[in-house]
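Worksheet: the structure to be examined is printed underneath.
Whatever order the structure lists ligands and atoms in, that order sets their numbers, starting from 1. Positions are given from 1 along the sequence. Everything numeric in this text was worked out from a predicted model, so none of it was measured.
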Amino acid sequence: MFAAVFPTDCLLCQQELAEPGGASICHACWESLQPWLGPSCERCGLPFASWQAVDFVDSLCSSCWQGEQEFDMARSYGLYTGNLRKAILHLKFHGREYLGNRLGALLARPWEALPEPDSAIVVPVPLHASRRRQRGFNQAELLARGLVRRLRKEERFHGLQLASGSLRRIRATLPQVGLSVSARRENVSGVFSVARPEQVRNRTVVLIDDVMTTGATLSACAAALKRAGASRVLALSLARATPQFPDVGVLDDLASPIDELRHN
Ligand SMILES: [Zn+2]
Ligand SMILES: [Zn+2]
């Protein structure tokens, strides 16, 4: 019974935990969840493989050059590879609240890169109601809660507002995985609406999601928020998936690629 409630093995490496009782990720694995510190797109945070690329593109990725993103700025904590990816999959499939709190707290780091976020309102990317019912939770919301909890420990963020219900996904969509960049945009276009525009009007909104790939979903959210009067939309995600940095690790029995498709 005890083991079912409190894992005794690390979720990521399956080694026995030194102190079972809710920590769920061992110290070594937790330390392996490193932030991306290399060069990246100034606007959307896309990690570049080398500093040379930064000179070449003048600090912007091609998507941002072409003005494709509706958000003003995006940042991610780390790369969607290895243990960070595994941890996100655990959160996504099992919605463990304590995992959401711990992982969400990591977003405090990319938060620091955002321009004057003090008066911002935090809004998780919503799931469609049917998906949310099916899964029982929204992983983006768990992360947003973890982040806000962490930030509120600082006095200047005591009043930081989390507005989980202010954005709605009004139409169920195909999974984004496997779609081309333009198909992804098409897929999420017009999918989001703002439930309470007065909550976001003339404010900076910080969107939270677990994984950012092309940014199509965050961009569609940002478009809806701006139509509703948000003055600025910034986006934070825990991990950035990019073909530049493929995940070379093999997936364990936690999730098959099909599961990942289904759950996106
Ligand atoms: Zn471990
Ligand atoms: Zn960019």
Side-chain angles (χ1 to χ4, degrees), residues 3 6-34 36-91 93-94 96 98-99 102-103 106 110 113-115 176 181-182 184-185 206-207 209 211-223 232-237 239-245 247 249-255:
F6 299 108
T8 54
D9 295 342
C10 170
L11 286 173
L12 305 183
C13 71
Q14 277 79 49
Q15 303 279 320
E16 200 176 322
L17 288 166
E19 293 165 54
S24 75
I25 294 179
C26 75
H27 184 71
C29 286
W30 188 254
E31 290 300 304
S32 75
L33 305 181
Q34 288 298 312
W36 172 255
L37 299 172
S40 56
C41 172
E42 214 166 72
R43 186 177 161 101
C44 77
L46 179 73
F48 295 139
S50 73
W51 289 101
Q52 225 172 352
V54 177
D55 293 338
F56 182 67
V57 298
D58 199 18
S59 303
L60 288 181
C61 71
S62 62
S63 167
C64 288
W65 257 121
Q66 288 161 40
E68 286 174 355
Q69 308 292 16
E70 301 281 348
F71 48 74
D72 297 280
M73 189 180 185
R75 287 292 181 271
S76 306
Y77 174 78
L79 296 173
Y80 189 53
T81 57
N83 273 346
L84 187 56
R85 181 180 184 210
K86 259 183 157 179
I88 290 171
L89 290 171
H90 272 288
L91 177 70
F93 293 125
H94 309 298
R96 296 182 164 102
Y98 54 81
L99 195 52
R102 275 191 98 182
L103 293 172
L106 295 178
L114 302 179
Q176 294 280 74
V181 174
S182 58
R184 279 169 177 257
R185 291 196 180 278
V206 181
L207 279 166
D209 209 357
V211 182
M212 173 176 175
T213 307
T214 62
T217 301
L218 289 164
S219 195
C221 289
R232 188 160 55 170
V233 180
L234 312 169
L236 286 183
S237 59
R240 186 73 189 247
T242 162
Q244 288 250 51
F245 298 94
D247 191 19
V250 282
L251 277 176
D252 56 13
D253 57 356
L254 168 72

Under 2.8 Å from the Zn ion (ligand 2) - protein N/O/S, by chain and number: Cys41 SG, Cys44 SG, Cys61 SG, Cys64 SG
For the atom pair CG (Asp9) and CD1 (Ile25), what is the distance rounded to the nearest 0.5 Å? 13.0 Å
Do the side chain of Arg75 and the main chain of Leu234 share a donor and acceptor less than 3.5 angstrom apart? no
Between the side chains of Ser32 and Asn83, is a donor N or O closer than 3.5 angstrom to an acceptor N or O? yes
Rounded to the nearest 0.5 Å, how far apart are CG of Leu79 and OG1 of Thr242? 8.0 Å
Could you work out, with side-chain hydrogen bond (donor to acceptor under 3.5 Å, both in side chains) as the rule, every residue matching Glu68, not counting sequence neighbours? Ser63
If you draw a 6.0 Å radius around CD in Glu31, do more than 12 non-hydrogen atoms from other residues or ligands fall strictly inside? yes
Going by side-chain contact (heavy atoms from CB on, under 4.5 Å), name the residues that satisfy it together with Ala239, two or more places apart in sequence or in a different chain. Tyr80, Leu84, Ile88
Taking the Zn ion (ligand 1) as the centre, count the protein N/O/S atoms lying under 2.8 Å from it. 4
To the closest 0.5 Å, what do you measure between SG (Cys26) and CG (Leu11)? 10.0 Å
Any chance you could measure Thr213, atom OG1, to Leu218, atom CG, to the nearest 0.5 Å? 9.5 Å
